[in-house]
Amino acid sequence: MVIAHGIRTLGVVGAGQMGSGIALVSALRAKVQVVLHDRSKEQIEKGLEFIDKLLVKDVGKGRLTSLQSKEIRERISVVDSLDGLRDVDMVVEAVSESLPLKRQIFSSFSQILRPDAILASNTSSISITKIAAAAVPEGVSPAGDRGKKAAGRFTGLHFFNPVPVMKLVELIPAMQTSQETLDRAKAFAIACGKEVTTCKDVPGFVANALLMPYINEVIYCMAMPLTLNPPLSLPDDFITSAQSIGLDTCLAIQKTLYEGTYDSKYRPSGLLERMVDAGWFGKKNGKGFYEYEG
Ligand code: NAD
């Protein structure tokens, strides 16, 4: 049986690496109208530049005609406040990996959006159940019918980086998520050309619970080569991957694993913390363990 997602207009909050990728695949594959919001004008510009570059590349490679590319681009519009998302059928949040930030956004959505709109977070690691609780309007009991319905429309929907390339999406139900929300969010991700796997709401879900501890251990080892003779070669792929994800995001995920499991084996590496303290996030802002151009 094919389940209809019923989404005509999608809101995307956060126009960073993930939000701009989600906006593009939604307009390109699912063919929905996309309304994009970011608190930073610079990030909106960067996000739209990324979308334009990929569309030009698709035309160059003969995967799209110029007309198709123009139609796809015209499906994406920008608004400068959350209020501009008032009429969307679904929203995917892709702001920085911070629980207070995400809770604040979904608390605003509980007032702004239509009661039948689906809410999804692209978080890499944070408890979906904790974010869902913020979707219950203030003063409403989370255990009553209204509260259960409000949180029931929320789910985790975790796209991978880079979104246009990576096939997998993790669908993570909160304790509160309704079956209808799950079915529709899954159908939407499939319409975006993705394969969907359902995961439990545990820190890091499946992919990051496996990947991030490797990255963290490799960063722990980065201090060592100078003291070893001959130097050991470190698994460079993990460092490259960490810098594509964003060292700030890696640290936030590692902290969620550490705090969510009470297990000291997940303690974030001090070097990772210092890189983030210095504001060196990797590819997205030009400096991490490597330097990036442009
Ligand atoms: P990013 O740093 O590239 O982008 C985050 C964006 O959020 C920025 O443009 C920032 O201006 C915006 N933002 C922050 N606060 C905001 C607010 N209050 N309102 C509107 N916009 C706001 O980060 P990213 O890599 O795109 O990650 C976004 C989310 O996706 C995070 O939750 C992250 O864990 C998750 N994620 C990241 C990856 C990855 O590989 N980077 C993969 C999967 C999921």
Side-chain angles (χ1 to χ4, degrees), residues 11-25 35-51 78-85 91-109 112 119-128 130-131 134 156-172 189 192 194 197 199 203-212 215 237-257 260 276 279-288 292:
V12 178
V13 190
Q17 340 187 60
M18 296 307 294
S20 50
I22 294 165
L24 175 60
V25 296
V35 188
L36 185 59
H37 167 70
D38 196 291
R39 67 177 173 190
S40 150
K41 280 210 170 85
E42 197 189 327
Q43 286 291 97
I44 286 280
E45 276 166 27
K46 253 171 97 176
L48 293 177
E49 223 173 83
F50 167 81
I51 290 170
V78 170
V79 289
D80 58 14
S81 72
L82 287 182
D83 218 40
L85 301 174
V91 73
V92 178
E93 166 276 311
V95 304
S96 319
E97 187 73 344
S98 147
L99 176 62
L101 189 56
K102 289 178 190 290
R103 285 184 60 95
Q104 192 191 344
I105 284 172
F106 285 104
S107 166
S108 306
F109 282 151
I112 297 171
L119 312 176
S121 174
N122 188 51
T123 176
S124 304
S125 60
I126 297 172
S127 159
I128 301 301
K130 277 188 188 162
I131 310 176
L157 195 64
H158 182 211
F159 291 82
F160 287 78
N161 188 19
V163 183
V165 177
M166 301 296 280
K167 267 281 185 209
L168 190 68
V169 164
E170 289 179 334
L171 178 70
I172 311 111
C192 290
K194 304 301 177 192
T197 179
C199 303
F205 319 128
V206 174
N208 281 314
L210 294 171
L211 171 67
M212 215 41 74
I215 287 178
D237 287 353
F238 286 104
I239 297 302
T240 305
S241 170
Q243 298 189 114
S244 298
I245 293 167
L247 297 179
D248 54 337
T249 303
C250 290
L251 178 60
I253 295 171
Q254 196 61 32
K255 281 185 174 166
T256 304
L257 292 177
V276 174
W280 296 340
F281 299 158
K283 203 171 172 183
K284 69 180 169 185
N285 76 348
K287 164 107 187 89
Y292 294 87

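If you're wondering where the values come from, they're calculated on a predicted model, not measured in any experiment. Sequence positions, counted from 1, serve as the residue numbers for this chain. Both ligands and their constituent atoms are indexed starting at 1 by order of listing.
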Aromatic rings Phe106 and Phe109: how do their planes relate, parallel, tilted or perpendicular, breaks at 30° and 60°?
->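 Phe106 vs Phe109 ring planes: perpendicular.
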Nearest protein heavy-atom contact for [atom]: which residue, which atom, what distance?
atom: atom 18 (N) of ligand 1; answer: Leu101 CD1, 3.5 Å
atom: atom 37 (C) of ligand 1; answer: Met18 CG, 3.4 Å
atom: atom 32 (O) of ligand 1; answer: Glu97 OE1, 2.6 Å
atom: atom 4 (O) of ligand 1; answer: Gly16 CA, 3.4 Å
atom: atom 30 (O) of ligand 1; answer: Asn122 ND2, 3.1 Å

Mind listing the closest non-hydrogen atom pair of [X] and [Y] along with its distance?
X: Gly14; Y: Leu36; answer: O-CD1, 4.0 Å
X: Ala15; Y: Asp38; answer: N-OD2, 2.6 Å
X: Phe238; Y: Leu211; answer: CE2-CD1, 3.9 Å
X: Gln17; Y: Ile245; answer: NE2-O, 3.0 Å

In ligand 1, which numbered atoms sit nearer than 4.0 Å to a non-hydrogen atom of [X]?
X: Gln43; answer: 8 (C), 9 (O), 11 (O)
X: Lys102; answer: 31 (C), 32 (O)
X: Thr123; answer: 32 (O)
X: His158; answer: 43 (C), 44 (C)
X: Ser96; answer: 5 (C), 7 (O), 14 (C)

Check the pair Ile112, Leu85 against side chain to side chain contact (heavy atoms under 4.5 Å, CB included), reporting the backbone distance first and the verdict last.
-> CA-CA 8 Å; Ile112 297 171; Leu85 301 174; 5.8 Å; no
Donor-acceptor pair, side chain of Asp248 and main chain of Phe281, under 3.5 angstrom =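 Absent.
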Would you say Lys283's side chain and Thr240's backbone share a donor-acceptor pair under 3.5 angstrom?
->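 No.
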Counting only heavy atoms, tell me which of [options] gets closest to [atom].
atom: atom 10 (C) of ligand 1; options: Ile22, Ile126, Val95, Asp38; answer: Asp38
atom: atom 17 (C) of ligand 1; options: Arg39, Glu170, Lys284; answer: Arg39
atom: atom 35 (C) of ligand 1; options: Ser125, Ala252, Ser124; answer: Ser124

Which bit of [X] gets closer than 4.0 Å to ligand 1, counting heavy atoms only: side chain, backbone, both or neither?
X: Phe159; answer: backbone
X: Leu82; answer: neither
X: Gln17; answer: both
X: Thr249; answer: side chain

Would you kindly say whether Glu97 and Thr249 are connected by a side-chain donor-acceptor distance under 3.5 Å?
->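 Absent: no donor and acceptor within the cut-off.
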Atom CD1 of Ile44 and atom OG of Ser20: how far apart are they, to the nearest 0.5 Å?
->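 If we round to the nearest 0.5 Å, Ile44:CD1 and Ser20:OG are 9.5 Å apart.
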Any nitrogen or oxygen of Ile245, main chain or side chain, under 3.5 Å from a nitrogen or oxygen of ligand 1?
->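 Among all N and O atoms of Ile245, at least one is under 3.5 Å from an N or O of ligand 1.
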Going by heavy atoms, is Ala94 under 4.0 Å from ligand 1?
->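 True for this residue.
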Sub-4.0 Å heavy-atom approach of Gln104 to ligand 1 |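 Checking ligand 1 against Gln104, which is what was asked, there is no heavy-atom contact under 4.0 Å.
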Tell me, please, which residues at least two apart from Lys46 pass salt bridge (Lys or Arg N to Asp or Glu O under 4.0 Å).
->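 Listed in chain order: nothing, the list is empty.
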Glu170: partners by salt bridge (Lys or Arg N to Asp or Glu O under 4.0 Å), with sequence neighbours left out =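 Glu170: no salt bridge (Lys or Arg N to Asp or Glu O under 4.0 Å) contacts found.
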